[in-house]
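Chain naming here is simple, since letters A, B, ... match the order of the sequence lines and numbering starts at 1 in each. Treat the numbers as computed from the prediction; the structure is a model and nothing was measured.
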Amino acid sequence: MAGTDNPDEKTLISRMKSGEQQSYHEAVRAYTPGMLAVARFYLDRSSAEDIVQDCWVTVIDAIQTFEGRSGLKTWLHRIVANRCKNRLRSAKREVPLDFSDSMDPDLDNRFNASGRWEIPPKLRFDESADTLMENCALSDCLDKHLSALPETQRSALMLYEAHQHKSDDVCNILDVSASNLRVLIHRARQKIFLMVETFQETGEC
Amino acid sequence: MLMCRDLAMIASDYIDGELGTAGKLSVKMHLMMCGNCRSFIGNLRASTELLKAHTSGTVDEEFVRHVDERVAAALDAKERGDDQT
């Protein structure tokens, strides 16, 4: 596991240890979205928000014992994951996970019995991702489909893509095996692929 | 022999460089012969980039502000407590 070798992060941590308000303002802004993504893997939205807020309050004291063996982001995400697991344990609930198949049924239907494409991909990307994102309708459509993803798929995807965790870290934080994580990520990406294809073809979400 | 459906199943592993040498080689061989799968891999990669561009800018501003205020209040309370001791 990589420790804290980023000088900006080291400075931020020592400012947090000294209790400087501005450092917490910066840290909250930088790390809250990722912490929320972790919590949403385990809990509904309102419980997840409660947990993240409570974690930040405990961080004010806990930061004194932070030794920098992992990065700050990983440390914060672990605190959130542990709290969520405790909450689930006390409620005797488990996170439902579906790892049965790495193929999305809508994509799977596009192959014939011999495993060749029956309905080949139609999508053509002629523009960069940033240019495409300037299309508000596409951006809204992505939001809609992201929120329709099963929570487990969305959180894994967020941590891996948006918060740029390494696979090992995501597995540790979410308590899933490496192969299950691959399934979660692949399923989520297929959904996004199918959505963008429909959008580009029909202009509708 | 890798079929299109097999390739679609492991496409994310290929994109993320998670396949072993033999797996990578059989995907590359298939891609040399199959235009549909080349499109699929290209599209899945582009969808992934699009998602990355989209999600990195997604922040629930209101919630972050709420957390920020609560942390600031907790810091104030701690400082006052420390002053009294």
If you define the side chain from C-beta out and look only at heavy atoms, does anything of A/Arg189 sit under 4.5 Å from B/Asp16?
yes
Scored by heavy-atom pairs under 4.5 Å with chain B, the best of A/Ile60, A/Ile192, A/Leu157 is A/Ile60
B/Met32 CE: over 12 foreign heavy atoms closer than 6.0 Å
no
For residues A/Tyr24 and B/Asp68, report the shortest heavy-atom separation together with the two atoms involved.
O-OD1, 4.5 Å
Answer yes or no: does atom NZ of A/Lys17 have more than 12 heavy-atom neighbours from other residues, nucleotides or ligands under 6.0 Å?
yes
Okay, B/Ala11 and chain A: the region with an atom under 4.5 Å from a heavy atom over there is both
Rounded to the nearest 0.5 Å, what separation is found between the OG atom of B/Ser47 and the CD atom of A/Gln190?
10.5 Å
Looking at every heavy atom in both A/Ser114 and B/Met3, which two are closest together, and how far apart are they?
O-CE, 3.1 Å
Winner by heavy-atom pair count (cut-off under 4.5 Å) against chain B, out of A/Gly19, A/Pro120, A/Ala188:
A/Pro120
A/Glu197 side, atom CD; B/Ser39 side, atom OG - distance, nearest 0.5 Å
10.0 Å
Would you indicate whether B/Lys28, at its atom NZ, is surrounded by more than 12 heavy atoms from other residues, nucleotides or ligands within a distance under 6.0 Å?
no
Using side-chain heavy atoms (C-beta onward) and a distance below 4.5 Å, is A/Pro121 in contact with B/Asn36?
yes
Heavy-atom pairs under 4.5 Å with chain B are the metric here; pick the option from A/Met103, A/Arg116, A/Gln21, A/Arg182 that has the most.
A/Arg182
Between A/Asn112 and chain B, with a heavy-atom cut-off of 4.5 Å, which part of the residue counts as in contact: side chain, backbone, both or neither?
neither
Where at least one partner belongs to residues 22-46 of chain B, residue pairs that pass ring pair (Phe, Tyr, Trp, His ring centres under 6.0 Å), sequence neighbours excluded:
A/Trp117-B/Phe40, A/Phe193-B/Phe40
Is it the backbone or the side chain of A/Val52 that comes under 4.5 Å from a heavy atom of chain B, or both, or neither?
side chain
Test salt bridge (Lys or Arg N to Asp or Glu O under 4.0 Å) on B/Arg5 and A/Asp108; report intermediate values, then the result.
CA-CA 7 Å; B/Arg5 186 181 178 277; A/Asp108 207 9; 2.5 Å; yes
Cut-off 4.5 Å, heavy atoms of chain A, and the answer for B/Asp76 is both
Trace of the side-chain contact (heavy atoms from CB on, under 4.5 Å) decision for A/Arg29 with B/Val64:
CA-CA 6 Å; A/Arg29 188 140 285 278; B/Val64 171; 3.8 Å; yes
Between A/Leu146 and B/Leu51, does the side-chain contact (heavy atoms from CB on, under 4.5 Å) criterion hold? Intermediate values first, please.
CA-CA 9 Å; A/Leu146 272 174; B/Leu51 191 69; 3.9 Å; yes
Less than 4.5 Å apart, any side-chain heavy atom of B/Leu44 and any of A/His186?
yes
Any non-hydrogen side-chain atom of B/Asn43 less than 4.5 Å from a side-chain atom of A/Val196?
no
Start with the C-alpha distance between B/Arg70 and A/Trp56, add both sets of side-chain angles, then the distance that settles side-chain contact (heavy atoms from CB on, under 4.5 Å), and finish with yes or no.
CA-CA 9 Å; B/Arg70 184 148 169 224; A/Trp56 271 115; over 6 Å; no
